[in-house]
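Encoded as structure tokens, the structure appears first; notes follow it.
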Amino acid sequence: MLTSLRSAGRTEGGARRDGGYGLVFVSEPTTPPDDPDAATPSGSGLTAEKRRRQGRVDELRERGANPYPYRFDRSHALAEVRSAHGGLEAGTETDAEVSVAGRIMLKRDTGKLIFATIQDRTDRIQLFISKAVVGDDAFDDIKQLDIGDWVGVHGTVMTTRAGELSVKTDRVELLSKAIRPLPDKWHGLTDTDTRFRQRYADLIVNEEARRAFHIRHEVISSFRRTLAAEGFIEVETPVLHVEAGGAHARPFGTHHHALGMPLYLRIALELHLKRLIVGGMERVYEIGRVFRNEGISTRHNPEFTMMELYQAFADWTDVMAITERLITQAARDTVGTTVIEIRGQQVDLAEPWPRLAMCDAVSERVGTTVHPSNDLDDVRAIADRHGAKYEPSWGAGRIIESLFEQLCEDDIVRPTFVTGHPVEISPLARVDRDDPFVTERFEIFCDSRELGNGYSELNDPVEQRARFEDEQAAKEAGDAERGTVDEDYLRALEYGMPPTGGLGIGMDRVAMLLAGVDSIREVVLFPTLRPEQF
RNA sequence: GCGCCUCUAGCUCAACGGUAGAGCAGCGGGCUUUUAACCCGUUGGUUCAGGGUUCGAAACCCUGGGGGCGCACCA
């Protein structure tokens, strides 16, 4: 009873909807808001173009056709058609029937024959549309299709006399009418602002853009496979933090209304993941967005994607090894080789990455031994001599880092582990077992950019408290990027964290490296921009 | 935040301080094997905005806006 009622109702409703496009038609604005100046001969080309295309939509509806149908059954992606029939000789017709779908990118109309190039996410393919095959009425309709329209096509596979693989079209269904014209078919979009704001248009017309995002996807997917194979568990930890810790960076602030309290967007994944190591999860990782309230540049977007992993019973040497494996494998999976070109140099990522102690690198450049144990005034004098900037509150360790950035960073081309960061700038890293002034820490530098950061994790709760207190003192002295004492994290450490190695990698930067692009905006789909004025 | 560069038709680009143009897209016509199809004809402009200099400004100057690059910022 219920069932029959329901199905009867559905049939009735369906029938009403099929025969009643007028309902939809009436409720939709079918003329542009600036229609009043339709009478005037002037007006922008875009307005006229959109009006013409919308007019076509209205016309189709009046005929009872739906310019925006609900679905289409596709038998093959375009790349599948090509791989199955790519070897056909010129001038071959087959009886292989296919149903394909895509966006019309090009149209060549020779009178009674139309060649159209459609594009899906896998490939492009040519449609061979003959008036004699589809019939006069259908041919007229196909002529009315615009570049940018989505179509579904039924036909058979053939090659033209020139050898172009094509679908000899029996029937074309309009799947979605494009009201707005596509950018230039040859040049695409070049204005970077427009490319980033209208990423949808960029992706339609610029293959390079599609390629970069495909590489980004492959990098992340490769990381997940490598980590799964090594026994890591993927987790998700909070984005909203009461106090943003785990890195030196200014956070974004927000507010929770029901709790009536300020919250901060995370600047790192570190502290929550290490709580999970305390909890006994042993090998965990997270790939997630972090937010830093800093300047925007070719290397920095305010929100970016970090991969952090933590491995119990491991130290920094294990973590350096897994770093090499992750990035080398990602190169194989994305570009098919471990040999990539960086600044004109051929670099084989499969070779062991050089290790460079920060103090050694600086010492060599300044011609005298520099170490965080040096007298502060001596280190300041060296910094002054080499134009490295520092604040009065900085200790020798932090000034050495400044010297490194000033003198050494730019020279690093191939991936390099820069090791032995001073304790002062590494509040969560464990002191080097052979040198109490530096930590068992490394940063991965490549093409002068920092790709990641790892260390033997500090797990002594008493020492961690002392380091946090130093951070808080620096923050209270006016350094907004320094941290605070995270009592809950200290409580976790008091339960005992096993010896642990940790790693953080900037996924956007790895994607940049492997995609061979020099701006982070080429691998972030919707980079942060000022709002557009409409 | 500072410096330099940039903004012209839907898109890609021209235009000495002197009538705002081309190609693509669109529209009309022709063409049954094209390849950014081609051929003929044609519509389309708040030259980012606002001021100023000038007989005359897309251009020169000022202010503002968007964007890019560099610096600063950024373990």
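Computed from a predicted model, the values in this text were never measured in an experiment. So you know, we letter chains A, B, ... as the sequences are listed, proteins then strands, and number each from 1. Any value given below was found using the heavy atoms of this structure, including those in side chains, with hydrogens, waters and symmetry copies removed.
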Calculate the interatomic distance between [X] atom [atom1] and [N] atom [atom2]; express it in whole Å.
X: R299(A); N: C69(B); atom1: CZ; atom2: C1'; value: 11 Å
X: D193(A); N: C48(B); atom1: CG; atom2: P; value: 14 Å
X: I296(A); N: C71(B); atom1: CD1; atom2: C1'; value: 16 Å
X: E522(A); N: G68(B); atom1: CD; atom2: C1'; value: 12 Å
X: L182(A); N: G23(B); atom1: CG; atom2: P; value: 21 Å

Below the 4.0 Å mark, does [N] have OP1 or OP2 next to a side-chain nitrogen or oxygen of [X]?
X: T190(A); N: U12(B); result: yes
X: R521(A); N: C69(B); result: yes
X: T47(A); N: G44(B); result: no

Using the benzene-type ring in the case of Trp, are the ring centres of F417(A) and W353(A) under 6.0 Å apart?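 Distance test on ring centres: under 6.0 Å, yes.
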Are R380(A) and D384(A) within salt-bridge range, i.e. N to O under 4.0 Å?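 Between D384(A) and R380(A) there is no salt bridge, as every charged N stays at least 4.0 Å from the carboxylate O atoms.
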Surrounding CZ of R530(A) (heavy atoms of other residues, nucleotides or ligands, distance under 6.0 Å), is the total greater than 12?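 Atom CZ in R530(A) is not crowded, with 12 or fewer foreign heavy atoms closer than 6.0 Å.
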For each nucleotide in nucleotides 26-36 of chain B, reading 5' to 3', give B when a protein heavy atom comes within less than 4.0 Å of its base, S when such contact involves only the sugar-phosphate, and - otherwise. SS---BBBBBB
Produce the list of close N/O pairs, under 3.5 Å, pairing protein atoms with atoms of nucleotides 6-8 of chain B; give distances to one decimal.
none

